[in-house]
Amino acid sequence: MKLSWSDVTPEALFLNRRAFIAGLGVAAAAPALAAAEEPNSFEQITNYNNFYEFGFGKTDPADNAGALTTDPWAVEIGGLVDRPGSYSVADLAPGNAVEERIYRLRCVEAWSMVIPWLGVPLASVLNKVGVQSGAKFVAFETLYRPDEMPEQRRNSMDWPYREGLRLDEAMHPLTILATGLYGKPMPNQNGAPIRLVVPWKYGFKSIKSIVKITLTDRQPVTTWQAMQPREYGFYANVNPTVDHPRWSQATERRIGAGLLGGRQETLMFNGYGDQVAQLYAGMDLARDY
Ligand SMILES: Nc1nc2c(c(=O)[nH]1)N[C@H]1C(S)=C(S)[C@@H](COP(=O)(O)O)O[C@H]1N2
Ligand SMILES: [Mo]
């Protein structure tokens with residue numbers, strides 16, 4: 001089939017790339033504009049991180065996360081599911097199901113990267129455990145292990161780190177549980193051995209080193225919402241028209257673009273609007289931030 005330009009929707013790119021790489025043994029996807037954007041280097045992706053359990057500096061995770069024991073690892077899945085229990089990473093993301101997804105990551109602090117993740121759709125995991133009809137939200141928790149996570153020995157935040165999604169956001173095909181990047185197992189500083197990636201939301205929603213997933217009928221309380229409700233909402237969709245109370249969200253600094261690279265415009269839903277905007281039809285995106 002020959003594509004004309006009007007056919008080259010993000011979805012067409014997504015399906016094409018997937019079909020193309022599937023022939024090489026790894027199913028891949030490159031939704032939206034990320035297809036045309038150069039991924040950041042492995043060096044950049046693994047040395048400029050937010051993972052506050054290991055400190056608040058951008059190089060603290062690279063310096064301190066090496067001490068984290070990621071094997072064995074268990075993810076407790078419970079709440080409104082048919083098959084609750086303790087699952088291994090291989091149970092949730094078996095090697096033959098892992099795909100590459102090249103996504104932009106836009107931090108609420110107004111910097112961004114392009115990252116080639118490896119992972120599985122979160123939907124595949126939720127279908128495996130069987131979501132019950134009363135479930136409306138998915139809550140996630142990071143490991144609490146102060147012995148290995150130095151910042152958890154201080155009261156700087158209310159540990160463990162918590163996040164949540166509405167069930168339809170969690171089931172959306174762009175939402176993945178990632179187990180690696182650049183074709184390698186997930187580096188500890190990026191959230192080994194398994195972390196969430198929700199590319200149309202600010203980076204803080206993409207919770208790292210997950211040990212607990214709970215299906216619930218109530219909107220979960222998230223770490224940032226609880227700490228700073230005026231600054232961080234539950235939805236946290238990337239939105240250049242809604243500023244953070246302390247800075248503009250209109251533009252972003254692409255890591256590695258260099259001092260002369262300047263800033264680039266931030267895209268609504270981080271550029272994934274064609275795929276996700278319908279999830280928020282009728283909502284006031286300034287209020288329901
Ligand atoms: N458990 C946990 N998850 C977390 C964070 C954190 O501090 N702790 N930081 C978040 C923020 S603010 C961002 S921008 C992304 C950064 O992901 P990366 O370091 O892999 O680029 O992880 C998110 N997930
Ligand atoms: Mo972030």
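For ligands, and for the atoms within them, numbers begin at 1 and follow the listed sequence.
- In terms of polar-atom proximity, Tyr48 is not counted as a contact of ligand 1, lacking any N or O under 3.5 Å from an N or O of the ligand.
- Interatomic distance, NZ of Lys58 versus CZ of Phe51, reported as 14.0 Å (0.5 Å rounding).
- Of the possible polar contacts, none joining the Glu169 side chain to the Phe137 backbone as a donor-acceptor pair under 3.5 Å is found.
- The protein non-hydrogen atom at the shortest distance from atom 3 (N) of ligand 1 is Lys208 N, 3.1 Å.
- Within ligand 1, the atoms closer than 4.0 Å to a non-hydrogen atom of Thr142 are 1 (N), numbered from 1 in the order shown.
- The cationic atom of Lys184 (NZ for Lys, CZ for Arg) lies less than 6.0 Å from the six-membered ring centre of Phe42 and within 45° of the ring axis.
- Closest to atom 15 (C) of ligand 1 among all protein heavy atoms lies Gly203 O, 3.6 Å.
- The protein heavy atom nearest to atom 5 (C) of ligand 1 is Asn50 O, 3.5 Å.
- Listed by number with element, the atoms of ligand 1 under 4.0 angstrom from any heavy atom of Cys107 are 14 (S).
- Residues Arg145 and Glu53 are not paired through a salt bridge, judged by the lack of any N-O separation under 4.0 Å between the basic side chain and the carboxylate.
- In this structure, Arg195 counts as a contact residue of ligand 1, since one of its heavy atoms falls inside 4.0 Å of the ligand.
- At least one heavy atom of Ser206 sits closer than 4.0 Å to an atom of ligand 1.
- Within the listing of ligand 1, atoms 3 (N), 24 (N) sit less than 4.0 angstrom from a heavy atom of Ile207.
- Taking all atoms of both residues into account, the shortest heavy-atom contact from Pro116 to Ile45 is CD-CD1, 3.8 Å.
- One finds no salt bridge joining Glu252 and Arg263 here, because no Lys/Arg side-chain nitrogen approaches an Asp/Glu carboxylate oxygen to under 4.0 Å.
- Taking distance alone, with nitrogen or oxygen atoms compared against 3.5 Å, Glu53 approaches ligand 1 more closely than that limit.
- The protein heavy-atom contact nearest to atom 6 (C) of ligand 1 is Tyr161 CE1, 3.4 Å.
- Those atoms of ligand 1 that come under 4.0 Å of a heavy atom in Tyr52, given as number and element, are 6 (C), 7 (O).
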Criterion side-chain hydrogen bond (donor to acceptor under 3.5 Å, both in side chains) on Asn127 and Ser124, from CA distance to verdict: CA-CA 5 Å; Asn127 289 333; Ser124 71; over 6 Å; no
Worked verdict on Phe269 versus Tyr272 for ring pair (Phe, Tyr, Trp, His ring centres under 6.0 Å): CA-CA 5 Å; Phe269 295 115; Tyr272 301 97; 9.7 Å; no
